[in-house]
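Here the structure is a predicted model, which means the values were calculated and not measured. Order of the sequence lines sets the chain letters (A, B, ...), proteins ahead of strands, with each chain counted from 1.
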Amino acid sequence: MRFSKMFIPTLREAPADAEAISHILMLRAGYVRQLASGLYIFLPLGWRVLGKINAILKEEMEAIGAQEISMPILHPAEIWQQTGRWNAIGDEMFRLKDRTDRDMCLGMTHEEIMTWLASREIRSYRDLPQIWYQIQTKLRDEARPKSGVLRTREFIMKDSYSFDASEESLEKNYRLHADAYHRIFERCGLKFMMVESDPGMMGGATSHEFMAPSPAGEDEVATCGSCGYSANVELALSSPVKNEPVDWALEEVHTPEKRTVQEVSNFLKLQPSYFIKSILLINNKGPVLALVRGDQEIHEKKLAKIIGDHRPARKEEVKEILGVEAGFIGPVGHKIRIVADSSLKEGMFVSGANKQHYHMKGIRAEREFSAEWADIHIAKSGDSCIKCGNPLNIERVIEIGNIFKLGTKYSSALKAFFLDENGQEKLIIMGSYGIGPARIAAAAIEQNNDKDGIIWPKSIAPFDVELLPLNMNDAKTVEVAEGLYKALKGKGVEVLMDDREERAGVKFKDADLIGIPTQIILGEKNLKEGLLEIKDRKTKESVRVKIEEAVEKLTRA
RNA sequence: CGGGGCGUAGCGCAGCCUGGUAGCGCACACGGUUCGGGACCGUGGAGUCGAAGGUUCAAAUCCUUUCGCCCCGACCA
């Protein structure tokens, strides 16, 4: 491709509303443009990158026997009503009516439609297993689109769905996908990890996410360097570092106007980890007192699994229910339901005395109070791994893929049955598996860039090499450039030739910005000696080679 | 949805507080010089100052409403 013929609108300055590195670089290097919040146009270079990624996705999906199909993105409401998600999902679903006033929606995912197809077409165990996949647009009215193409309202997703006759068979498809995903992300040149995740609204029991470490990510994962435990912080378990044992007599201590853990901790000169943080919550059955250690935060999702939907109690409610203002509440002497973090089981603690301006010191679990025990705190860096005890590390990550065992949630709702060997009607067992190509691209940039621009992994770069004839007014330069361009293309190398009448500096700057992994630099002086330069975008190292040897050298690597 | 910020030329910004002819840099067009890391000189084109309403002799500037975009949080198949 000739640079002069390709639309590559590079920017010297970044638009002010871009913050994430990948966003800034995609805009500056002319890969994307924003249409509106969460809506992006992929320009020629950007679209080529997505094409590269999609080609890898297709190869690896076909390799595990998945078959590509294409589903509509406009869906009738009925099917979503049958699975209950029409109501379960709120504003995130784009809804509309057709001209006959029929409710419709834009597909945010395709479990419903895939299952609908399976329910009509799959009759026998002989038809199973199946894996169907597509690379298709999804629409979600995101509450907050952000970070360029990392979180958008319209995006392309590779989504596949497995249909099996048994749990064992599902397990096999799940493994096949996990393995394929590993190969895909490896081929795309990403640093990534597979972690346990919360299936959430998807239903089903098991799910994993594929995460690319990057400060631009929205999720956090806890990983253990020694045993390999890794999980999304949404469900990661951990045990905090234990306190030095103490032996206090049970006593009330005067703590005037000291309400927060930090205030009391400073006042009594005791680490926050010696405190019990008590928070009064209200669920549909009434008040619940939740307890975590003073240095921990309550994990709302973990807690919700135990006590259901809840909200914090209002100030008046705290007084009414516990008889004391919020700063001095503690677990001792109440009859209400108490859920406590397991880390409070051992040791002695300080907590509110349920008496204005007093705290109680020397509290021991199952002596001064009893509770339902569970892990309800947010895992943090330095906590101990629950499997091996070594310290956990918490990292920010970009979610680039996920895999779910769905079970029969969708097949039962949509009556997707098959007849087994014994003529028995059974529900199809399903799995669903997603990958976001644009997120792969953004994660690749987040993980591979320098002050000059993008450094693409070879596998997903828009071109293999960029040819830089520095002076287009020099006959020799043009002749060699054209020759190389043809020769390389003839060998199947994808080459972008910067044939613009631009100064050398501009070409260098744009080449670095765009980030094609290899640059071939044609300068007059070198050409006179029969040489050219091959330069590596990542290392900035260049070697001078004979013109005749260039093609061979480039195609060998 | 809650909190914060910003809308002035394609991009980055100044001007707004204290109302009085809309500016700078880059980009763009033309001419000339230059030509291996975003050149220089000269000339030129380009703006409903996000929108609507109000105050005023006069509004980019003050007031009200509204729309859009970004960031933090909530939410997130």
- Task: Establish, with yes or no, whether the OP1 or OP2 oxygen of B/rG38 is under 4.0 angstrom from a side-chain nitrogen or oxygen of A/Arg503.
- Result: no

- Query: What is the pairing partner of B/rC11, taking Watson-Crick or G-U wobble pairs with both distances under 3.5 Å in any strand?
  - Reply: B/rG25

- Rounded distance (Å) that lies between atom P of B/rC71 and atom CD1 of A/Ile21: 14 Å

- Message: What is the distance, to the nearest angstrom, from the CD atom on A/Glu297 to the C1' atom on B/rG73?
- Response: 14 Å

- Task: Test for a donor-acceptor pair under 3.5 Å between the base of B/rG37 and the side chain of A/Asp452, counting only N and O atoms.
- Result: no

- Note on the structure: Residue pair A/Ala143/A/Ala20 against RNA chain B: nearer the 5' end by closest nucleotide is A/Ala20

- Item | Protein-nucleotide distance (A/Lys146, atom NZ; B/rG73, atom C1'), rounded to Å | 10 Å

- Message: When you measure only distances, ignoring hydrogens and angles, does the side chain of A/Glu533 come within 3.5 Å of the base of B/rG36 through a donor and an acceptor?
- Response: yes

- Query: Looking for any heavy atom pair under 4.0 Å, which part of the strands does A/Glu502 touch: base, sugar-phosphate only, or nothing?
  - Reply: nothing

- Message: Mind checking if A/Leu468 touches a base, just sugar-phosphate, or nothing, with heavy atoms under 4.0 Å?
- Response: nothing

- Message: Quiz question: going by heavy-atom distance under 3.5 Å, is there a donor-acceptor pair between the base of B/rG25 and the side chain of A/Glu13?
- Response: yes

- Rounded to the nearest Å, what distance is computed from the CG atom of residue A/Leu531 to the C1' atom of nucleotide B/rG36? 15 Å

- Query: Quick one: does A/Asp510 reach the base of B/rG38 with a side-chain donor-acceptor pair under 3.5 Å?
  - Reply: yes

- Task: Quickly work out the A/Glu19 CD to B/rC72 C1' distance and round it to whole Å.
- Result: 10 Å

- Tell me whether the OP1 or OP2 atom of B/rC70 has a side-chain N or O from A/Ser37 closer than 4.0 Å. yes

- Query: Would you say B/rC11 has OP1 or OP2 under 4.0 Å from some side-chain N or O of A/Arg12?
  - Reply: no

- Going by the angle between their ring planes, with limits at 30° and 60°, are A/Tyr31 and A/Trp456 parallel, tilted or perpendicular? tilted

- Do A/Leu74 and A/Leu106 have side chains that get closer than 4.5 Å, going by heavy atoms? yes

- Message: Using a 4.0 Å heavy-atom cut-off, does A/Ser147 contact any base of the nucleic acid, only the sugar-phosphate backbone, or nothing at all?
- Response: sugar-phosphate

- Message: I need the CG-P distance between A/Asn471 and B/rU34, as an integer number of Å.
- Response: 13 Å

- Who is the Watson-Crick or G-U wobble partner of B/rG42, with both distances under 3.5 Å? B/rC30

- Relative to the ring of A/His75, is the ring of A/His110 parallel (under 30°), tilted (30 to 60°) or perpendicular (over 60°)? perpendicular

- Item | Base B/rG36 to side chain A/Asn526, donor-acceptor N/O within 3.5 Å cut-off | yes

- Item | Near-ring test A/His23/A/Tyr40, centroid separation under 6.0 angstrom | yes

- Query: A/Ile24 CD1 to B/rC11 P: how many Å, rounded?
  - Reply: 16 Å

- Task: Tell me yes or no: between the side chains of A/His177 and A/Ser160, is some donor less than 3.5 Å from an acceptor?
- Result: yes

- For B/rG32 and B/rG10, measure between their P atoms and round to the nearest Å. 29 Å

- Can you find a donor-acceptor pair, distance only, under 3.5 Å between A/Arg500 side chain and B/rG38 base? no

- Select base, sugar-phosphate, or nothing to describe what A/Asp91 touches, counting heavy atoms under 4.0 Å on all strands. nothing

- Side-chain donor-acceptor contact under 3.5 Å, A/Glu111 with A/Thr109: yes

- Rounded to whole angstrom units, what separation is found between the CG atom of A/Leu39 and the P atom of B/rC70? 10 Å

